[in-house]
Amino acid sequence: DTLIVKMNSENIDNESIKKAGEIIREGGLVAFPTETVYGLGANALNKEAAKKIYAAKGRPSDNPLIAHIANEEMLKPLVKEIPEVAKKLMDAFWPGPMTLIFNKSDIVPKDTTGGLDTVAIRMPNHPIAQALIKEAGVSIAAPSANLSGKPSPTLGEHVIDDMDGRIDMIIDGGMVGMGLESTIIDVTVEPPMILRPGFITKEMLKEVIDQVETDKAILTKPTDGLRPKAPGMKYRHYAPKADFRMYDGEEEKVANEIIKVANEKDSQGYVTGILTSDQNKHFYEGKVNDGVVIVSLGDLDKPETIANHLFKALRDFDKMEAQFIFGETFSRKDVGDAIMNRLTKAAGYNIINL
Ligand code: TXA
Ligand code: MG
């Protein structure tokens, strides 16, 4: 049975954190909130515990895990060296939504790193995550707490939907702050390379270190043959059950096309949804059949809100058993880059230019 406890950052239930820390030390699995998405945690130095994570998620074992630490003292034993650029980035962005790739030390088992000689490390700033890592006294390996292939969980209920009965404990801390996974930067190469875009953007990184590149493979379709350096980026993550297509172009033209195709599919009897924004939903209201579900990701002037609603929207489409989703594209500016990265993968690279 899975023990489910609720708490929030302002009111941490220390008894439950004690229990959770004990479970982690004994090799069990605990899901917990972070500021990005929920994580599925286990002792990062325990091989058997790492194996349990892969089993609970149904995740391929070549896809490495991120080790979460509570302070800088916990970093040293896990890595071979801490490059100068890493120190600068840590000072600027830790604790926070940034993961760094280091050369691993011998104590980190390859079961945690998917067989690699490097290890991904993040210091989250969520009070519950911080409290749990400190209480456990060990670094906590934690992938996103979803079943493999589903969108990352941004609400406790998403974790319960996916993990109830599969793990020892779930800490439901309500809605996460950001709703997209951390920015991953490989600091073992020169210049450092972004392997996954997130809230910490390239522009923000460049204010701290002179040079940073982006792994080209994450900008192309998997069929183009480039292999992403973060093994997880090659999978079609976040895939809703529906056939999901995005339309790019002048907004009114996009809206008219979406209205046409959505009504067509609805008339054929398919459960059909539209993904839009607060600014654009008026295009569809009154123009599409009653059966078509219109979902707004929020205010285009608040990209953080769009990011925060994205994974929930994809899960909600699954719950209503949507068969077709027609979506607008979003700006790639700042965090928009991470938003479009996740949306593009969810759509299986199916973007139609009008
Ligand atoms: O925000 C986050 O990063 C969340 C929260 C829970 O911290 N975690 C998360 O973990 O998104 P996960 O396992 O869903 O994604 C980890 C990504 C995968 O794409 C994986 O391939 C990559 O990090 N990764 C892990 N270790 C790596 C390594 N040594 N080298 C390259 N990529 C690595
Ligand atoms: Mg994940």
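Residue numbers run from 1 in the order of the sequence given. Remember, it's 1-based here, ligands and their atoms both numbered in the order they're listed.
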Test item: [X] and [Y] side chains (from C-beta on) under 4.5 Å apart, heavy atoms:
{"X": "Met340", "Y": "Thr329", "answer": "yes"}
{"X": "Trp94", "Y": "Ile121", "answer": "yes"}
{"X": "His158", "Y": "Lys150", "answer": "no"}
{"X": "Val292", "Y": "Ile274", "answer": "yes"}

State the atoms of ligand 1, each with its element, that fall below the 4.0 Å cut-off from a heavy-atom position in [X].
{"X": "Thr36", "result": "1 (O), 2 (C), 4 (C), 5 (C)"}
{"X": "Ala230", "result": "21 (O), 22 (C), 31 (C), 32 (N)"}
{"X": "Thr118", "result": "28 (C), 29 (N), 30 (N)"}
{"X": "Ser182", "result": "1 (O), 2 (C), 3 (O)"}
{"X": "Gly39", "result": "6 (C)"}
{"X": "Leu116", "result": "28 (C), 29 (N), 30 (N)"}
{"X": "His68", "result": "5 (C), 6 (C), 7 (O)"}
{"X": "Ile184", "result": "17 (C), 22 (C), 23 (O)"}

Metal site the Mg ion (ligand 2): N/O/S of Ser144 inside 2.8 Å | yes

Within the side chain of Thr272, is there an N or O that forms a donor-acceptor pair under 3.5 Å with the backbone of Tyr270?
-> yes

Give a yes or no on whether the backbone of Asn146 and the side-chain of Tyr38 come within a donor-acceptor separation of less than 3.5 Å.
-> no

Counting only heavy atoms not in Lys265, do more than 12 fall under 6.0 Å of its NZ?
-> yes

Ligand 1 and [X], any nitrogen or oxygen pair closer than 3.5 angstrom?
{"X": "Gly232", "answer": "yes"}
{"X": "Glu181", "answer": "no"}
{"X": "Tyr38", "answer": "no"}

Please state which part of [X] comes within less than 4.0 Å of ligand 1, counting heavy atoms only: side chain, backbone, both or neither.
{"X": "Asp186", "answer": "neither"}
{"X": "Arg196", "answer": "side chain"}
{"X": "Met193", "answer": "neither"}

4.0 Å heavy-atom contact, Arg59 with ligand 1 = yes

Could a heavy atom of Asn63 be found less than 4.0 Å from some atom of ligand 1?
-> yes

Any luck finding a side-chain donor-acceptor pair between [X] and [Y] under 3.5 Å?
{"X": "Ser296", "Y": "Asp278", "result": "yes"}
{"X": "Arg122", "Y": "Thr34", "result": "yes"}
{"X": "Ser182", "Y": "Thr99", "result": "yes"}
{"X": "Gln323", "Y": "Asp243", "result": "no"}

